[in-house]
There are 2 protein chains.
Amino acid sequence: MRSVLHPDPRTTSTDARTTDEPTFADASRSLLRRTLLEAARDLAADRPWRSVTMAAIASRAGVSRQTVYNEFGSRPQLTEALVMHELEEFLAAIEGAIRSRADDPAAALTAALGVFLQAAAEDALVAAVIREDGRDDLLPLVTSEGRPLLEFGGARLASIMRETWPVLPGPEAAFLAGTVMRLGLSYVVLPVPDDERDATASGVAELVRPYVAMLLERHGA
Amino acid sequence: MRSVLHPDPRTTSTDARTTDEPTFADASRSLLRRTLLEAARDLAADRPWRSVTMAAIASRAGVSRQTVYNEFGSRPQLTEALVMHELEEFLAAIEGAIRSRADDPAAALTAALGVFLQAAAEDALVAAVIREDGRDDLLPLVTSEGRPLLEFGGARLASIMRETWPVLPGPEAAFLAGTVMRLGLSYVVLPVPDDERDATASGVAELVRPYVAMLLERHGA
DNA sequence: ATGTTCTGTCCAAGCACTTGACATCCAGTG
DNA sequence: CACTGGATGTCAAGTGCTTGGACAGAACAT
């Protein structure tokens, strides 16, 4: 049975700061970023993004305004980081759903899409993106300016799939991941009603199922 | 259903650093403590505690030795904090076990004791405590110098029990918690063989079951 | 007795966060 | 249209924590 308390100490070296786990300084830095981005997201839940000031974000995170600028440089950069951060949380949820059904690709895809659609429906930031009419510089980031999002998410999705089903050939996995990412972004911008979520999830899964089956079969699964 | 991604933003205030969630500075501080204590625990898993130097702890955590002294003051204080920290992790595991069986006090106690005994059997720091002959200043902290441990743990255990079973009268809950803590510490110092763990857990649970039943019955459960 | 190692403390330099100020830009208003 | 208020972005001085080096003293091993 897995250890009840702490997983495992990993290394046995006397001390030696190898390129091992993140040092405290790194952890503290990423903690600062996370704190700030979560503050920004929470504030965006209520009011329009445009009205969320840098000062408010700093104050909510308990740091000075200058620190926010030190960390992100400018408001547009913070905005982009915010969207990226949200994407990463979505990807983490999706990864969990996929890994939990590794034995059945179709079920895994259904679960992943279901999780994604529900998360998107609940997410405060996603709500802000589609709530705010045109010129609230949030929408472009997931559409016309969304290439970084698409490529980063596609790459991670592809690597998740390739880790879960190693026989999947690289190019096809990448293409499938990219396609799914595009679909996902589409459903962010144009959601389906709540009562159609499950049907949508299984529908898309059904759609790609034969393709995946063909790939798995053709490549020695 | 609970939100898939982030639980809830809590406040709605524009900004205002209320005594709300921990500010970044606080979080960073506690992160530093945790990092250092985990480094210490991991190092103690291999070698005797006496041979774990302050320098090694600092190096493993990726900070300077001075920072360790700034945070804990001295080696004895760090040692005490280490033991306290470990206690808190045990308590967290126990709390989970109890809350998962809130409807059946006897089963809850059995589960809690089982989790505790297994965790104690696996724990690297507990192993260090009993491995090291007398004068490795670790043992006193859970015996002769163990009163802080006993009182802190007892208080938390009592509050867990009172939260789970509100009808439990305060004094009796405190007494029961204190007794269980003493028993727990005893099993840390003098463990039972692996194959007797379950029997021990249910045995103790059986022992206190009538007492608890009487309390619950007498006070309107 | 001597050399080694660790503890605990001190200090100078570096770095990050804070604070307050300032120029600039933009929106709303008289 | 000029003006005021609020927000962004930048800057400089001040503070506090971390760092790395150094050192005395205690404990231990040879």
Side-chain angles (χ1 to χ4, degrees), chain A residues 13-17 22-37 39-40 43-44 46-82 132-138 141, chain B residues 13-17 22-37 39-40 43-44 46-82 132-138 141:
Chain A
S13 63
T14 305
D15 43 19
R17 187 94 294 279
T23 167
F24 164 73
D26 299 337
S28 184
R29 202 151 222 78
S30 99
L31 172 65
L32 175 58
R33 281 185 79 85
R34 230 178 316 139
T35 305
L36 286 170
L37 292 177
L43 290 172
D46 298 336
R47 40 198 135 272
W49 175 240
R50 279 298 296 270
S51 76
V52 175
T53 73
M54 302 293 266
I57 296 170
S59 168
R60 169 133 189 167
V63 302
S64 79
R65 199 165 60 92
Q66 181 63 36
T67 299
V68 181
Y69 281 96
N70 288 347
E71 189 59 35
F72 293 102
S74 70
R75 183 170 223 278
Q77 287 174 285
L78 183 149
T79 307
E80 186 184 335
L82 175 59
E132 323 199 342
D133 12 1
R135 81 170 198 291
D136 205 351
D137 45 16
L138 220 42
L141 283 177
Chain B
S13 62
T14 305
D15 43 19
R17 188 93 290 282
T23 167
F24 164 72
D26 300 337
S28 183
R29 200 146 227 80
S30 101
L31 172 65
L32 175 58
R33 282 185 79 85
R34 231 178 316 139
T35 304
L36 286 170
L37 292 177
L43 290 172
D46 299 336
R47 40 199 136 273
W49 174 241
R50 280 298 297 271
S51 76
V52 176
T53 72
M54 302 293 266
I57 296 170
S59 168
R60 169 135 192 164
V63 302
S64 79
R65 200 163 61 91
Q66 181 64 37
T67 298
V68 181
Y69 280 96
N70 288 348
E71 188 59 35
F72 293 102
S74 69
R75 182 169 225 278
Q77 286 174 285
L78 183 148
T79 307
E80 187 184 333
L82 175 59
E132 322 199 341
D133 13 1
R135 79 171 201 290
D136 205 351
D137 44 16
L138 220 42
L141 283 177

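Here is how names work: the chains are called A, B, and so on, in the same order as the sequence lines, proteins then strands, and each is numbered from 1.
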For [X], enumerate each residue passing the side chain to side chain contact (heavy atoms under 4.5 Å, CB included) test, keeping only those at least two apart in sequence or located in another chain.
X       : result
B/Ser28 : A/Phe24, A/Ser28, A/Leu31, B/Phe24
B/Glu71 : B/Arg29, B/Leu32, B/Arg33, B/Leu36
B/Ser64 : B/Gln66, B/Thr67

[atom1] of [X] versus [atom2] of [N]: gap in Å, rounded?
X       : N      : atom1 : atom2 : value
A/Arg29 : C/dC15 : CZ    : C1'   : 10 Å
A/Arg75 : C/dC25 : CZ    : P     : 18 Å
A/Gln77 : D/dT8  : CD    : C1'   : 13 Å
A/Phe24 : D/dC17 : CZ    : P     : 12 Å
B/Leu36 : D/dT19 : CG    : C1'   : 14 Å
A/Met54 : D/dG9  : CE    : C1'   : 9 Å
B/Arg50 : D/dC28 : CZ    : C1'   : 10 Å

Please list each protein N or O that sits under 3.5 Å from an N or O in nucleotides 21-25 of chain D, with the distance.
unit_1: D/dA22; atom_1: N6; unit_2: B/Arg65; atom_2: NH2; d: 3.3

Once you round to the nearest 0.5 Å, how far does [atom1] of [X] lie from [atom2] of [Y]?
X       : Y       : atom1 : atom2 : value
B/Thr23 : A/Arg60 : OG1   : CZ    : 12.0 Å
B/Arg75 : B/Leu82 : CZ    : CG    : 10.0 Å
B/Arg65 : B/Asn70 : CZ    : CG    : 11.5 Å
A/Tyr69 : A/Ser74 : OH    : OG    : 8.0 Å

*Tell me, with the steps shown, if A/Leu78 and A/Met54 meet side chain to side chain contact (heavy atoms under 4.5 Å, CB included).*
CA-CA 9 Å; A/Leu78 183 149; A/Met54 302 293 266; 4.3 Å; yes
What heavy-atom pair brings [X] and [Y] nearest, and what distance separates the two atoms?
X       : Y       : answer
B/Ala40 : B/Ile57 : CB-CD1, 3.9 Å
A/Thr35 : A/Ala61 : CG2-CB, 3.8 Å
A/Ala81 : A/Phe72 : CB-CE2, 3.6 Å

*Residues from residues 67-74 of chain A sitting under 4.0 Å of DNA chain C, heavy atoms only?*
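Those residues whose heavy atoms fall under 4.0 Å from DNA chain C, taken from residues 67-74 of chain A in numerical order, are A/Thr67.
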*Find the bend of the helix from C/dA1-D/dT30 to C/dG30-D/dC1 as the angle between its two terminal axes (five pairs each), to the nearest 10°.*
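Helix axis angle between the two ends: 10°.
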*With heavy atoms under 4.0 Å as the rule, sort A/Thr53 into base, sugar-phosphate or nothing.*
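Contact class for A/Thr53: sugar-phosphate only.
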*Could you tell me whether A/Leu78 contacts a base, only the sugar-phosphate backbone, or nothing, with contacts defined as non-hydrogen atoms closer than 4.0 Å?*
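It contacts nothing in the nucleic acid.
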